[in-house]
Every structure is written in structure tokens, then in C-alpha cells.
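Ligands are counted one by one from 1 in listed order, and the atoms in each one are counted from 1 as well. Predicted model only: the values in this text are computed from it and were never measured.
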Amino acid sequence: MSVFSHHEFDNHQQVAFFNDPASGLKAIIAVHNTNLGPALGGCRMWPYISDDEALTDVLRLSRGMTYKSALANLQLGGGKAVIIGDPANAKTGALLHAMGDFIDGLGGRYITAEDSGTSVADIQKIGERTSYVSGINQISAHGGDPSPSTAYGVFVSLREAVYHKLGRTDLKGTKVAIQGLGSVGYRLAAQLADAGATLYVSDIIQANVDRAVRELKATAVAGDKIFSLEVDVFAPCALGAAINDKSIAQLKASIIAGAANNQLASVEHGYQLHRRGILYAPDYVVNAGGIIDVFYQRKMIEDNYGADNYADDLNTKVEGIAATLREIFVRSDNENIPTFVIADRVAEERFTDPKSIGQSGLAATPLGSLV
Ligand code: NAD
């Protein structure tokens, strides 16, 4: 397993490995870039089949956090943690405490939060050993869980994409296929149903599908058929690489807007979407609601920032994702460059030149004023 020459290394500032035989903890923390602030990103627990798979995942996710926070105008860098193990049976208090010690040893360069396989309760447990945690503030909007803010950000993004591509000012009758009905996907589905969208859903957990059919009048779709539906929007809300060699050939949607990280299996898939006229709302722009939420949750503690200020600023900032997207879409049209390339360029300008970002990190600064 190589690190510095790893294909996803991309100039990471730090990659730390941790092994604690007593608790069984094997974990990796990747700090991609801290130019804009400490690296904040979730802690994922997953039964990776190899160390290399875990390293690849943490490097990709960590880099994505740098771009996400830069585009959301937050004074945060990008980092991520992975714990190698099955969250269903390997997660113990001792293991989470050991993870807290590991994070604490980095002295604040990396701050953790929830991700797949870790809950608010787990991050609280980690927080018994380190103050470098977020997403556990009980007086925040959703008791610490950032998923509702992520879902709301995806909802406003999807609405913006529908307006830009289809000229519709509301979502009534808009057909949306959602892959994955977990913490984010289900909440997104509920908001779309409220807005009058027609839903098609898939999940590998049948109970999640049944609930959406029962409560949201969604139509259940089996497995990979979700890619080939005649819909307006495909919303990937499960795992990464949903847009790959196999799925891209089947897509009939004219818009892709969803919560999953790293939706494009490769950049070539992004170019293909652009050539086919499919509007891709870049994942890390769309799903920034969660990082915005944990940023403010930490601010509440660090700066004694009031709960009312938090709620107001959080909503404004999450809704601001739509304005950022609009500018990306317009630039993509004007310059005939894929949306993900535009988003990457803007993020890179920001994190390589921290002076270009607002001093407070609070303003929903329009994209155009900074580039
Ligand atoms: P989750 O684990 O709660 O939900 C994922 C759902 O996808 C589960 O219900 C799972 O059964 C389903 N799924 C897995 N493989 C599938 C497949 N092949 N087909 C259909 N369904 C499948 O996760 P989440 O918190 O809802 O996050 C969803 C995605 O959004 C993830 O990629 C995550 O990294 C990303 N994301 C989440 C947040 C957040 O705040 N939770 C923030 C940013 C990005």
C-alpha cells in the first residue's frame, strides 16, 4: 500500500494511522488542507475489505471536504476519518474512546462529526476524550444530527436545478428518482412529496422503501432499474460512484442532484454528462448543508454564539447553496465547461488563497464576488 504515491493522495498535508489492539481500533485520519481553518469532516465506520480500500476512501472523502467547505465559504479545511470495522458489531465504548484519544493527539488539526456508521451518540462518546468534535450540540436544530440540514440543502439545490434546466418555478409533477432512503434520502423524499413531486425510490433495505410508499405515496423501484427511469431528476443518496460506466448509459433524467459524496466514478463521467446535456449539480456543493450545520454547532460552543443566531444563520446559509449553484450553472452554460469543473476551480481559488474568503466565514457570499 503506497501513501505519498497513492492515486488519491493529492497533496494531503497529513495522513495518520492508529492501531489500538486493546479496543480493536484500526483507524485512519486524513487531513487534506488546513489553509482556511481546521480540517472538519465526519468519522465513517465501515467493514472495508482491505486497508487500501479504507485509505482510498478516506483520501477521497477528505479532499472532498476541502472543496465543500471552501465553496460553502466556511473557515474550515478538509479532513475525514475512517474506522475499519462493522458498525453493527465492532463498535464499543472502548473503541470510540480510543478514537477520541487518536483525534485529540492531532491537537485540533482535525475535528470529527457523524458520518455513515457513526451516530450522534457515538460522537458524544468520542467527545468524552477530546473537545475536537462537532455535530453533538443538543440545543442545535436537530439535537446535533446534521442530516436534516443536508437534506434541506439538497432540496433547495434540486429545486434550483429544475428551474435552471426545465424552467419550472415549482416542483409539482416533477418526477424524481431517489436512490437511497437513509437519514438524508428519506427527508429529501418527504420535502419533495410536500412540494408535489412524483417520487420513485429504491433502497436495499426494504423497510425504507415500504415506508416511502406508505407515507409519501412513492413508487418502489427494484435495484438498478432506478437509473433507467423516464424521470426529470435522478437523486443519488446512497453510496459514491453512482454515475459510472454502467449507469450512465441507462440514464434518462435530464438533471442529477443528490446527497451522495463522490457521485462521479471518474471525471470522464462528468464530461460525458456535460456532452449529453444532463445538468449535474456537483455533489459537494449540493450536500454542504451538513458541514454548514456542524460549523455553526461548533461556533455556538467556541464563540458563545446564541441558539437564535445559529438557527437564523444556518437557514440563510443552507439556502445560499442554491445561489452558489445558480452561478455555477450560468458559468457552465456561458463557458461551455462542465459544472463540476467550474465548482472545482472556484474551490481551488479559495483554499489556495485564503485571503479571498470572507473574514467571518458567515456571509453567504455570492460566488461571483470572490472569483
Ligand atoms: P444512510 O446510511 O443513512 O443512508 C444511505 C441509504 O442508502 C441506506 O438506507 C442504505 O440502505 C441505502 N443504500 C445503500 N446502497 C444502496 C443501493 N445500492 N441502492 C439503493 N439504496 C442503497 O446515509 P445518509 O446519511 O442518508 O447519507 C447518504 C449519502 O449522502 C452518503 O453518500 C453520505 O456520504 C452523503 N452525505 C450525507 C450527509 C449527512 O449529513 N448525513 C452529508 C453529506 C453527504
Chi angles and distances behind the ring-ring contact (aromatic ring centres under 6.0 Å, His included) call for F4, F9: CA-CA 6 Å; F4 292 115; F9 185 68; 5.4 Å; yes

Intermediate values then yes/no, ring-ring contact (aromatic ring centres under 6.0 Å, His included), F234 and F227: CA-CA 7 Å; F234 172 55; F227 297 115; 5.4 Å; yes

L36 and S69: CA distance, side-chain angles, deciding distance, side-chain contact (heavy atoms from CB on, under 4.5 Å) verdict: CA-CA 9 Å; L36 293 175; S69 286; 5.9 Å; no

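Closest heavy-atom approach to atom 17 (C) of ligand 1 among the candidates I204, I226, N262: I204. The heavy atom nearest to atom 28 (C) of ligand 1, out of those in G240, A288, C237, is found in C237. Considering each of G182, A242, G290, the one bringing a non-hydrogen atom nearest atom 6 (C) of ligand 1 is G182.
Side-chain atoms of D145 and S147 include a donor-acceptor pair closer than 3.5 Å. The closest side-chain donor-acceptor pair between D115 and T118, if any, does not fall under 3.5 angstrom.
Considering only non-hydrogen protein atoms, atom 3 (O) of ligand 1 sits nearest to S183 N, 3.0 Å.
The part of N208 lying near ligand 1 is the side chain, judged by heavy-atom distances below 4.0 Å. At a heavy-atom cutoff of 4.0 Å, ligand 1 is contacted by the side chain of K68 but not by its backbone. When heavy-atom distances to ligand 1 are checked against a 4.0 Å cut-off, R44 comes that close only through its side chain, counted from C-beta outward.
When only interatomic distances are considered, the shortest N/O to N/O separation between N287 and ligand 1 does not fall below 3.5 Å. Not one N or O of L239 is nearer than 3.5 Å to an N or O of ligand 1, by distance alone.
Checking each of N33, V31, T66, L59 against H12 for a side chain to side chain contact (heavy atoms under 4.5 Å, CB included) leaves exactly one that passes, namely L59.
Close contacts of ligand 1 with I205, meaning ligand atoms under 4.0 Å from a residue heavy atom, involve 11 (O).
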